[in-house]
Amino acid sequence: MSYNLLVEGSVDYEALALAAARHQSLELFPIPARTAEERDALGVALPFRNVDQGIAEMESFVREALVKGLTIADLYQGTRISSENDLQGLVERLKAE
């Protein structure tokens with residue numbers, strides 16, 4: 001099992017490779033747009049086995065995505081993460097796991 005997010009927008013896959021190196025507890029899955037109307041996306045998973053060491057990495061990664069203006073969906077809760085307050089709610093949910 002894992003805690004999953006979907007990040008959408010203009011995803012820089014080269015920067016993604018660098019982010020993956022910095023956030024080793026996270027599993028990142030590129031989802032390129034298939035048409036000009038679609039947006040690139042990125043699947044982000046934090047396996048429950050990594051949750052203790054991965055909370056700070058998830059927080060850092062989501063904060064970077066927010067700064068870049070990417071859209072973030074919390075697939076576990078079915079909600080959007082669009083602010084620092086939403087991010088702190090995510091961190092609290094992860095700590096409760």
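Residue numbers count from 1 along this sequence.
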Handout entry: Ionic contact status for Arg22 with Glu57, cut-off 4.0 Å
Key = no
Exercise for the section: For the pair Arg49 and Glu27, find out whether any cationic side-chain nitrogen is under 4.0 Å from an anionic carboxylate oxygen. Expected result: yes
Practice task
Compare all side-chain heavy atoms of Met58 with those of Leu90 and state whether any distance is below 4.5 angstrom.
Solution key: yes
Practice task
Check whether any side-chain heavy atom of Arg80 lies under 4.5 Å from a side-chain heavy atom of Thr71, and answer yes or no.
Solution key: yes
Where is the tightest heavy-atom contact between [X] and [Y], given as atom of each residue plus distance?
{"X": "Ala33", "Y": "Asp40", "answer": "N-OD1, 2.9 Å"}
{"X": "Ile81", "Y": "Leu66", "answer": "O-CD2, 3.5 Å"}
{"X": "Asn50", "Y": "Ser25", "answer": "ND2-O, 3.2 Å"}
{"X": "His23", "Y": "Ser60", "answer": "NE2-OG, 3.4 Å"}
{"X": "Gly9", "Y": "Leu70", "answer": "CA-CD2, 3.7 Å"}

Handout entry: Side-chain H-bond candidate by donor/acceptor type, Tyr3 with Arg93, under 3.5 Å
Key = yes
Problem - Any side-chain donor near an acceptor of the partner, Gln88 and Glu92, under 3.5 Å - result: no
Rounded distance (nearest 0.5 Å) linking atom [atom1] of [X] with atom [atom2] of [Y]:
{"X": "Ile72", "Y": "Leu5", "atom1": "CD1", "atom2": "CG", "value": "7.5 Å"}
{"X": "Asp12", "Y": "Leu42", "atom1": "CG", "atom2": "CG", "value": "11.5 Å"}
{"X": "Leu28", "Y": "Phe61", "atom1": "CG", "atom2": "CZ", "value": "5.0 Å"}
{"X": "Lys95", "Y": "Ile55", "atom1": "NZ", "atom2": "CD1", "value": "6.5 Å"}

Test of understanding: clusters of I, L, V, M, F, W, Y form through side-chain heavy atoms closer than 4.5 Å, transitively. Do [X] and [Y] belong to the same one?
{"X": "Leu6", "Y": "Leu26", "value": "no"}
{"X": "Val51", "Y": "Met1", "value": "yes"}
{"X": "Phe48", "Y": "Val91", "value": "yes"}
{"X": "Leu46", "Y": "Ile31", "value": "no"}

Problem - Residue pair Asn4, Ser2: steps toward the side-chain hydrogen bond (donor to acceptor under 3.5 Å, both in side chains) verdict - result: CA-CA 6 Å; Asn4 301 300; Ser2 63; 2.9 Å; yes
